[in-house]
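The block underneath contains the structure these notes are about, expressed in structure tokens.
Protein chains get the first letters and strands the later ones, always in sequence-line order, with residue 1 at the start of each.
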Amino acid sequence: MCGRFIMTVDFEMIKAAFRLRAELYDLQPRYNIAPGQDIPVITNTPGGREISPMRWGLIPHWAKDTKIGYKMINARAETVGEKPAFKGAFRRRRCLIPASGFYEWKKEGKVKQPMLITLPGEKVFALAGIWEHWLAPDGSMVYSCSIITTKPNKYLEGIHNRMPVILAGEQEYEPWLSLDDPLFLQHLLRPYEGDMSVYPVTTRVNSPLDDDPGLIEPHDD
DNA sequence: CCAGACGTTGTT
DNA sequence: GTCTGG
DNA sequence: CCAGACGTTGTT
DNA sequence: GTCTGG
């Protein structure tokens with residue numbers, strides 16, 4: 001699955017990688033992004049691609065309160081088009097979530113070892129997501145999102161049985177954001193086929209409050 | 001029809 | 001054990 | 001994902 | 001809002 005990730009690249013890199021229009025809100029490097037926090041999300045708008053903060057953990061429009069979002073941090077690729085909580089978003093509200101790495105916890109006996117997964121060169125990449133809007137009782141609109149998961153590739157299969165969907169470049173970003181063909185969209189939601197790096201990191205990364213880059217301790221393998 | 005859930009992962 | 005908050 | 005709380009009434 | 005279970 002995907003329960004934590006990092007986003008450490010600067011905005012000029014993001015702007016170029018995702019062909020964004022000029023306006024970017026003020027983003028800081030983050031090394032330990034947790035569910036429930038606001039994360040940068042890229043969507044298609046009539047004026048082009050925009051990036052804006054959304055709460056991680058999708059809140060369906062019919063929800064009575066925001067609590068349900070904590071259970072909706074991931075959506076399975078195999079069923080995202082059918083589940084009542086996700087199907088509308090899958091049809092009409094898809095997004096890209098920029099990341100430079102994500103964590104998976106490998107179970108080694110009783111111990112859970114956090115692993116950081118990155119792409120070669122610490123390159124920024126796009127997680128496939130869906131988003132929703134929810135009208136709060138006070139009249140404000142809450143935007144939220146979920147990260148889609150799939151089976152692990154060869155780098156992850158020894159670590160965990162799910163991994164987030166990574167879209168492989170502009171040739172996949174554009175159809176994911178704008179195409180209206182459920183079969184093709186489904187086809188994009190497959191395990192990433194490119195190279196990856198996998199490093200054990202200190203268990204201090206477990207704290208959701210800790211946004212300190214000093215926590216990452218790459219090992220040689 | 002109404003009532004109640006609406007999710008994933010992992011563990012047993 | 002299960003839920004909430006981060 | 002992990003960490004930390006998990007409850008009510010009434011009194012200060 | 002929409003689906004599932006009874």
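For P35(A), the side-chain atoms get nearest to dC1(D) when compared with the rest of dT8(B), dC1(D), dC6(B).
Dashed line: the shortest gap from a side-chain N or O of S207(A) to OP1 or OP2 of dG4(D) is not under 4.0 Å. Taking only side-chain nitrogens and oxygens, R162(A) comes nearer than 4.0 Å to OP1 or OP2 of dT9(B).
Taking atom P on both nucleotides, dG6(C) is separated from dA5(B) by 26 Å, rounded to a whole Å.
Applying the salt bridge (Lys or Arg N to Asp or Glu O under 4.0 Å) test to pairs two or more places apart or on separate chains, those with a residue in residues 167-187 of chain A are R19(A)-E170(A), R49(A)-E170(A), R49(A)-E174(A), E172(A)-R190(A). Evaluation of the salt bridge (Lys or Arg N to Asp or Glu O under 4.0 Å) test over residues 77-98 of chain A, restricted to residues two or more places apart or in two chains, returns R76(A)-E78(A), E78(A)-R162(A), R93(A)-E132(A).
Between the CD1 atom of I117(A) and the C1' atom of dC1(D) there is a distance of 12 Å, given to the nearest Å.
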Checklist outcome for this item: Note, DNA chain B 5' to 3' with Watson-Crick or G-U pairs under 3.5 Å encoded as ( ), [ ], | and . gives ||||||......
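Within a heavy-atom distance below 4.0 Å of DNA chain E, the residues of residues 52-68 of chain A found are H61(A), W62(A). Near DNA chain E, meaning a heavy atom under 4.0 Å away, the residues from residues 85-102 of chain A are K87(A).
On the nucleic acid side, DNA chain C has its first and last nucleotide under 4.0 Å of a heavy atom of chain A at dT4(C) to dG6(C), going 5' to 3'.
Atom NE2 of H133(A) sits in a crowded spot, with more than 12 heavy atoms from other residues, nucleotides or ligands closer than 6.0 Å.
Classified by interplanar angle (parallel below 30°, tilted 30° to 60°, perpendicular above 60°), the ring pair W131(A)/Y143(A) is tilted.
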